[in-house]
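Data block below; observations after.
What you see is a predicted model; the values in this text were computed from it and never measured. Reminder, nothing fancy here: chain letters follow the sequence lines and each chain counts from 1.
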Amino acid sequence: MTTRRHGTLLPRLADRIGRVLEFLWSGWAGLAAMCLLAAVWQAGHEAYGPFILTSPVETLQAAAALASDPRAWALALTTLQRAVTGFALAALLGGGLGIVAGYSPATMRLASPLVTVILGVPPIAWIVLAMIWFGGSDATVRTVILIAALPVVFLGAARGILTRDRGLDRMAQAFGAGPLRRFLSVGLRQTTTTLFPGLALALGTSFKVAVMAELLANAGGIGGALADARTNLDIANALAWVIVSVGLLIAVEYTLIYPVKGELDRWRRAAQPWGIRR
Amino acid sequence: MNALNLQGVGHAYLGRTVLDGIDLAVATGEIVALVGPSGCGKSTLSHIAADLIEARAGRVLRGYRRHTMIFQEPALLPWATAEDNIAFSLKLAGVPRRQRAARIADTAARVALLPEDLRKFPVELSGGMKQRVAIARALAVHPDFIYFDEPFTALDVALRRRMQDLVIDTCAGGQLSGLFITHDLQEAARLADRIAVLDSHGKGVLGIRPLPSAPAERTDATNFDWVQSALASDPLFRHIHDVDERQIT
């Protein structure tokens with residue numbers, strides 16, 4: 001038994017390390033894109049001067065200064081905490097409702113006009129309402145994130161259940177799986193195809209909305225720092241905070257969403273022959 | 001006691017009757033092939049017998065211990081390796097984790113799946129290999145009844161023969177009973193102990209013909225002769241190749 005374990009463990013480990021290295025290698029493309037952006041940015045800086053647009057180097061210096069400031073860390077962590085908890089709420093609620101709607105056509109028929117309504121109301125209106133209800137607190141930011149990110153997660157989960165392979169359900173039933181077993185072993189796994197793009201989108205929305213809500217509700221965090229930078233006309237600092245918030249989003253996305261997605265999509269990679277893997 | 005007894009089974013889709021008054025019995029240790037033109041409701045009947053859908057009328061008596069099913073499409077979980085797909089049925093049957101590896105290896109050997117095939121995902125397997133995995137998944141739980149729902153229709157001729165041989169070998173011990181749905185009389189004549197013919201409009205079983213000997217003892221020549229004479233002289237098989245695309249299966 002132990003020899004068998006070793007026999008399967010080693011190749012699996014090698015496969016995983018291979019995937020991580022391949023993923024890191026794909027970082028070069030990302031780096032190249034960043035350099036391109038920096039070049040355009042530098043051109044803009046040279047055309048309009050430092051008052052309108054500071055140079056990328058100055059911005060990075062400002063960001064580095066923020067990184068060595070413990071107060072800046074506290075601000076960034078506040079926003080991070082709000083965005084991640086808001087995202088988690090949206091993911092749980094939206095995912096749960098979406099799955100129910102996927103299985104129950106009546107719920108879907110009731111829910112889809114509501115989703116359209118929620119999508120149609122501008123987030124700024126929700127910020128105003130949430131400010132009145134909760135003041136400048138975490139709850140304001142979380143509420144706005146929940147409302148902004150809910151529809152995509154809901155639709156992703158519902159679509160995943162709706163487009164599931166019914167043949168697999170039938171197969172599981174023929175082998176004696178009850179409704180709950182069928183959902184856990186067959187249905188849930190199939191929603192991931194459409195749920196994960198929805199989650200990635202929702203996470204991005206969470207960060208954007210968190211910063212916006214903080215700025216407008218004067219609730220501290222990165223949004224609050226951006227408001228200060230605006231008052232002081234400190235372009236370098238404002239851009240540095242933008243970099244920080246984008247950096248946080250990237251960090252969360254690559255530690256939370258992508259590893260899980262990579263693990264779930266192992267079989268998809270197996271379908272791609274060598275040479276056309278991206 | 002019979003392994004399966006269908007008494008007066010009827011079913012309707014959206015108010016349209018597709019099956020009516022079906023009586024059919026499968027004795028323990030025998031394979032009954034159910035043939036009939038496309039769209040006569042034979043798949044629906046097997047789904048009713050296997051408790052996948054509820055009959056609108058009649059009774060289904062199951063005298064067997066555990067059934068499994070092999071479908072027309074392999075219906076493998078795309079995200080699981082061949083091994084894990086076979087383990088899926090074992091898990092549902094409540095086989096303890098420690099015993100699963102041995103069971104999988106055992107069953108894989110029976111259907112000629114190699115250890116390296118077991119580590120592959122369904123997308124990496126050919127159609128025949130996928131169906132092999134589906135057969136292994138059905139056999140791994142040691143069922144005493146198997147529903148075959150046109151399992152080899154999508155395979156090419158040579159592959160179909162090999163899969164049929166596999167079924168004949170597996171069932172030769174007499175421990176296994178089964179209901180084999182097919183529209184191919186040749187296939188039914190190779191595999192079955194008895195052949196039941198379903199009415200083209202699902203109005204009952206028209207008749208049942210026993211085959212002269214056990215499937216393992218028959219040769220291609222005897223099967224061919226049997227089918228030829230059945231088609232030529234037995235009125236039961238007259239409408240077997242009728243096709244009506246408008247009917248809902």
Side-chain angles (χ1 to χ4, degrees), chain A residues 1-16 18-19 160 163-196 260-274 276-277, chain B residues 43 46-47 49-54 65-95 97-102 104-105 115-116 118-125 133-134 137-138 140-141 143 145-149:
Chain A
M1 195 65 209
T2 30
T3 49
R4 217 188 106 73
R5 265 287 149 73
H6 276 291
T8 56
L9 194 66
L10 269 179
R12 275 192 190 180
L13 200 66
D15 179 50
R16 196 142 307 169
R19 269 188 289 140
T163 57
R164 74 190 188 279
D165 183 353
R166 313 266 165 147
L168 292 181
D169 268 346
R170 205 177 48 197
M171 181 277 295
Q173 197 184 353
F175 281 91
L180 188 66
R181 247 346 229 297
R182 283 208 295 282
F183 165 64
L184 291 176
S185 59
V186 179
L188 196 59
R189 192 59 167 67
Q190 289 184 74
T191 55
T192 53
T193 323
T194 50
L195 183 58
F196 269 89
V260 183
K261 191 173 173 338
E263 203 58 35
L264 291 176
D265 277 355
R266 228 146 43 94
W267 66 277
R268 259 183 239 282
R269 290 171 45 87
Q272 299 168 339
W274 281 101
I276 61 159
R277 281 189 183 163
Chain B
S43 264
S46 74
H47 288 186
D51 204 18
L52 291 181
I53 41 182
E54 209 171 318
R65 190 174 40 83
R66 179 193 297 289
H67 75 240
T68 54
M69 199 157 183
I70 302 170
F71 297 92
Q72 183 171 355
E73 67 280 17
L76 301 176
L77 307 174
W79 55 84
T81 57
E83 192 171 18
D84 294 338
N85 264 294
I86 302 172
F88 181 71
S89 69
L90 293 171
K91 211 185 297 174
L92 287 175
V95 175
R97 195 176 287 271
R98 278 174 294 119
Q99 294 174 21
R100 283 184 209 155
I104 292 169
E116 59 258 38
L118 286 178
R119 282 194 291 275
K120 286 180 183 164
F121 289 98
V123 280
E124 298 171 275
L125 297 169
V133 176
R137 178 179 61 190
V141 292
F145 198 99
I146 299 185
Y147 291 99
F148 300 89
D149 183 9

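Around atom CZ of B/Arg65, more than 12 heavy atoms belonging to other residues, nucleotides or ligands sit under 6.0 Å away. Atom CD of B/Glu54 is surrounded by 12 or fewer heavy atoms from other residues, nucleotides or ligands within 6.0 Å.
With A/Met171 as reference, B/Leu77 is the one residue of B/Asn85, B/Leu76, B/Leu77 to meet the side chain to side chain contact (heavy atoms under 4.5 Å, CB included) rule.
At a 4.5 Å heavy-atom cutoff, the contact between B/Arg137 and chain A is made by backbone and side-chain atoms alike. No part of B/Ala134 comes within reach of chain A, as not one of its non-hydrogen atoms sits under 4.5 angstrom from that chain. Heavy atoms closer than 4.5 Å to chain A are found in the side chain of B/His47, but not in its backbone. With a 4.5 angstrom heavy-atom cutoff, B/Tyr147 does not touch chain A via any of its atoms. Both the backbone and the side chain of A/Arg266 come within contact range of chain B, with heavy atoms under 4.5 Å apart.
With chain B as the partner, the residue from A/Asp265, A/Val186, A/Leu264 showing the most heavy-atom pairs under 4.5 Å is A/Val186. Ranking B/Pro78, B/Ala50, B/Ala75 against chain A, the residue ahead of the rest is B/Pro78, based on heavy-atom pairs under 4.5 Å.
Nearest approach of A/Trp267 to B/Val123, heavy atoms of both residues: O-CG2, 3.6 Å. Counting all heavy atoms, side chain and backbone alike, A/Arg181 lies closest to B/Lys91 at NH2-O, 3.7 Å. Contact between B/Met69 and A/Ala174 at its shortest, heavy atoms only, is CB-CB, 3.9 Å.
A/Gln190 places a side-chain heavy atom less than 4.5 Å from the side chain of B/Trp79.
Expressed to the nearest 0.5 Å, how far CG of B/Leu52 lies from CD of A/Gln173 amounts to 5.0 Å.
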